[in-house]
2 protein chains.
Amino acid sequence: MPQGVEWVLHCAWVIAAVPSGVPISCRNLAEYHGVPDAYLSKQLQALVRAGILVATGGPRGGFRLSRPAEEITVADVVEAIDGSSSLFFCTEIRKRGPDVLPPDCHRQACGIATVMRDAEEVWRAQLSRTTVADLVDSAPQEARQRAVRWAALLKASGPPARGASG
Amino acid sequence: MPQGVEWVLHCAWVIAAVPSGVPISCRNLAEYHGVPDAYLSKQLQALVRAGILVATGGPRGGFRLSRPAEEITVADVVEAIDGSSSLFFCTEIRKRGPDVLPPDCHRQACGIATVMRDAEEVWRAQLSRTTVADLVDSAPQEARQRAVRWAALLKASGPPARGASG
DNA sequence: GGATGCTTACTCGGATAGACAATGTCCGAGTATGGAGGG
DNA sequence: CCCTCCATACTCGGACATTGTCTATCCGAGTAAGCATCC
């Protein structure tokens, strides 16, 4: 499981925790979490491709949720990063080797693939049970306040007055 | 998920399907499944280390189950190959970044880690529900017979009469 | 004073290296077998 | 005929290359903001 999953889940949590729909830039999110921004950018792009986030360019640009946090499940985020590829991929080795059985015997999926698939389904189902909104609700009050405070500071020092340097 | 998981699950299935407790060599198992024997050997070793299989050296040597197939779950096999490492590893990035909260606020695990851990638990629980014996039972009669037939042939041509060549 | 256009710097986005683990392969140590020889 | 010993070849087991993916980074295209200018 890519490390990026943890990062973007935290990012999604923070974006959802900040009340206003103001976009938050990748650089700010990276600083807030103490992770390399260039790589985090790559992960957030995946969430944009998956339709979870919406990106905005230019100054004051950044990422915001594409839909209410209640409608974004953890499974959505995991799938966006890790891909929808199964944890277990059956290569049908039962059809290899000497004196294989006629294809008629392989009409139903092999038991091993079935077990793995069922397990993965309950895994995804469990991940689908929690939404980003649930993550915000279950977080300690202090953590939420920290995010809000930080976002306010961003807005204050927000558009880095370009006249200062030039 | 390593590919070897599929291989050793099929191997465990075959070993359990063959009634007698005669060991089956890695080379035979590899031929039966049409996979490289050298690499399969690596995987089977992991099962030996995990205490699932017992290896025997010398002619007519090979692998056999260390305990009844009813007591070997798919989860055991998966863990032997893939390791007991979690699918998701929380790096506690909430403790990084600027103005982190005092450690007191991080007494309870963060919600993201909790969700991922719960999902993984149901995943493992599901895998634990099926034993190698269940795999044998749920397999088509033809598949079982194929394995038994094949094992009988092994015993017939079994100890490659060394006098023939020398 | 208000609207317009330009400069600006900031943003995302994809293309590009490096590190680690999974994959695949090889050869050596150990062992039970099978037969030959001796009693 | 039975026991003992030895040579044998087969087995597992770990050490060694190769590949693919994840990790990390950089630089370019696009954009909205802010200011100067013009009406």
Side-chain angles (χ1 to χ4, degrees), chain A residues 1-8 11 22-31 34-50 53-64 66 81-83 85 87-89 91 154-155 157-166, chain B residues 1-8 11 15 22-31 34-50 53-64 66 81-83 85 87-89 91 93 154-155 157-166:
Chain A
M1 170 95 52
Q3 183 92 28
V5 171
E6 183 186 10
W7 300 359
V8 298
C11 288
V22 176
I24 304 180
S25 74
C26 174
R27 193 166 58 81
N28 288 136
L29 285 169
E31 278 180 13
V35 299
D37 58 349
Y39 186 37
L40 179 62
S41 168
K42 198 179 188 56
Q43 313 296 340
L44 293 176
Q45 282 173 38
L47 263 67
V48 172
R49 272 193 294 271
L53 295 184
V54 172
T56 314
R60 297 223 190 201
F63 297 90
R64 62 185 171 78
S66 71
I81 300 294
D82 200 28
S85 64
L87 300 177
F88 176 87
F89 184 70
T91 59
L154 285 186
K155 265 196 272 189
S157 69
R162 101 179 204 288
S165 67
Chain B
M1 170 95 52
Q3 183 91 28
V5 170
E6 183 185 10
W7 300 359
V8 298
C11 288
I15 294 174
V22 177
I24 304 179
S25 74
C26 174
R27 192 167 59 82
N28 288 137
L29 286 170
E31 279 180 12
V35 298
D37 57 349
Y39 188 35
L40 179 62
S41 168
K42 200 179 187 58
Q43 313 295 341
L44 293 175
Q45 282 173 38
L47 263 66
V48 172
R49 272 193 295 271
L53 296 182
V54 172
T56 314
R60 298 223 191 201
F63 297 90
R64 60 184 173 78
S66 70
I81 299 295
D82 199 31
S85 64
L87 300 177
F88 176 86
F89 183 70
T91 59
I93 69 175
L154 284 187
K155 265 195 274 190
S157 68
R162 100 180 205 288
S165 68

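FYI, side chains are in, hydrogens and waters are out, and symmetry mates aren't considered; it's all heavy atoms of this structure. Letters A, B, ... are given to chains in the order of the sequence lines, protein chains preceding strands, and every chain is numbered from 1.
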Residues in side-chain contact (heavy atoms from CB on, under 4.5 Å) contact with A:T91, at least two apart in sequence or another chain | A:F89, A:I93, A:R96, B:Q3, B:E6
Per-nucleotide protein contact along nucleotides 11-27 of chain C, 5' to 3', at a 4.0 Å heavy-atom cut-off (B base, S sugar-phosphate only, - neither), is SSBBB-------BBBB-
Value for CG (A:L29) from SG (A:C11), rounded to nearest 0.5 Å, stands at 4.5 Å
Measure across B:Q43 and B:I81 and return the closest heavy-atom pair with its distance rounded to 0.1 Å.
-> O-CD1, 3.5 Å
Residues which pass side chain to side chain donor-acceptor pair (under 3.5 Å) with A:T56, listed by chain and number, not counting sequence neighbours | none
About how many Å separate CG of A:L47 and NZ of A:K42, when rounded to the nearest 0.5 Å?
-> 13.5 Å
Could you grab the distance from atom CG of B:N28 to atom CG of B:L40, nearest 0.5 Å is fine?
-> 11.0 Å
Nucleotide D:dA24, atom C1' - distance to CD1 of A:I81 in whole Å = 15 Å
Rounding to the nearest 10°, end axes of the helix from C:dG1-D:dC39 to C:dG39-D:dC1 built from five pairs each make an angle of 10°
Working to the nearest 0.5 Å, report the span between CG of B:L53 and CZ of B:R64.
-> 10.0 Å
A:Y39: ring-ring contact (aromatic ring centres under 6.0 Å, His included) partners, not counting sequence neighbours | A:W7
